[in-house]
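Worksheet: one structure, shown below.
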Amino acid sequence: MNKLKFSVLTLFPDMFAPLKESIIGRASEKGLVEVDCVNIRDFSADKRRRVDDYPYGAGGGMVMQPQPIYDAYKSVAGDDRPLVIYLSPQGRVLSQKLARDLSREEHIILLCGHYEGVDERVLEEIVDMEVSIGDYVLTGGELPAMVLIDCVSRMREGVLDSRETAETESHYDGLLEYPQYTRPPEFMGRAVPQVLLGGNHKEIEKWRREQSLLRTRKKRPDLLKKAVLSDEDKKILEKL
Ligand code: ADE
């Protein structure tokens, strides 16, 4: 399996330290994923290493200049024409489906903006896709880039071990995941559902599917409308 490489163009490479921990950290050690941060400031042509300037036409805040971003991009793009994603609240909202599609790429460049924005001309020149992580505004693209890296990397073969498979969990098939329990069998007077203690795998599967359907109807009815349901699922929902 080839590695999935993310090249992150950012002014704050130290913000990406959390990706060295846990599952994504382990995937990097195993060579399944690589996160390479490139500091845009290193490409400033200015002797004071400035990367932003006042906006034409006035208005508040500063705008990131095109040249350092373009040169940072050139330093990682090479000849393979990787997909370039700009993290922006104006982008297509990240979903499980988009994460799955992106996980098939080999090299993704993530551009993180800051200040009031990025000069439009460099976006026109290099960006293939804008991605948002939700309809709210953050101070920069770094946290969204980390969210994207986490969510896309875990869809790559070998990143999750068999006990953590992506296939059974929330959003994978358009439904929310069933509830999970571990020891002890009773906690604060609440018992683990009997069916899970019985070891009848068919019964357990049926119960889990019922719970998934029920939860989705209760917590996210909007998802249930879009989910592809079998005749069996529809019967379960009518019955419940
Ligand atoms: N930058 C600022 N807010 C953002 C968001 N919601 N998604 C992606 N990038 C952003």
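Just follow the structure's listing: the first ligand is 1, and inside any ligand the first atom is 1. Heavy atoms only: backbone and side chains are in, while hydrogens, waters and symmetry mates are out.
Protein heavy atom at the shortest distance from atom 8 (C) of ligand 1 is Ser88 N, 3.4 Å. Ranking protein heavy atoms by distance to atom 3 (N) of ligand 1, first place goes to Leu138 N, 3.0 Å. Atom 10 (C) of ligand 1 has its closest protein heavy atom at Pro89 CD, 3.5 Å. For atom 6 (N) of ligand 1, the closest heavy atom belonging to the protein is Tyr136 O, 2.8 Å.
Polar contact with ligand 1: present for Ile133 (N/O pair, distance under 3.5 Å). In terms of polar-atom proximity, defined here as any N/O pair under 3.5 Å, Gly134 does make such a contact with ligand 1.
A donor-acceptor pair is defined here as one N or O able to donate and one able to accept, closer than 3.5 Å; such a pair exists between the side chain of Gln67 and the backbone of Phe43. Put simply, the side chain of Ser103 gets close to the backbone of Arg100: a donor and an acceptor are under 3.5 Å apart. With Arg208 contributing its side chain and Tyr178 its backbone, the two residues share no donor-acceptor pair below 3.5 Å. In this structure, Ser44 contributes its side chain and Arg50 its backbone to a donor-acceptor pair below 3.5 Å.
Short contacts between ligand 1 and Val131, defined as distances under 4.0 Å to a heavy atom of the residue, involve ligand atoms 8 (C). Within ligand 1, the atoms closer than 4.0 Å to a non-hydrogen atom of Val137 are 3 (N), numbered from 1 in the order shown. Within ligand 1, counting atoms from 1 as listed, the ones closer than 4.0 Å to a heavy atom of Ser132 are 6 (N), 7 (N), 8 (C).
In this structure, Gly140 is part of the shell of residues with a heavy atom less than 4.0 angstrom from ligand 1.
At a threshold of 4.5 Å between non-hydrogen side-chain atoms, the residues Asn2 and Arg156 count as touching. The shortest distance between side-chain heavy atoms of His114 and Phe12 falls below 4.5 Å.
Applying side-chain contact (heavy atoms from CB on, under 4.5 Å) to Leu175 and the options Leu224, Leu214, Leu223 leaves one that passes, Leu224.
Residue-level proximity to ligand 1 for Asp135 is absent, since no heavy atom of it falls below 4.0 angstrom.
A salt bridge is defined here as a Lys NZ or Arg NE, NH1 or NH2 lying under 4.0 Å from an Asp or Glu carboxylate O, and Asp101 with Lys97 meets this definition.
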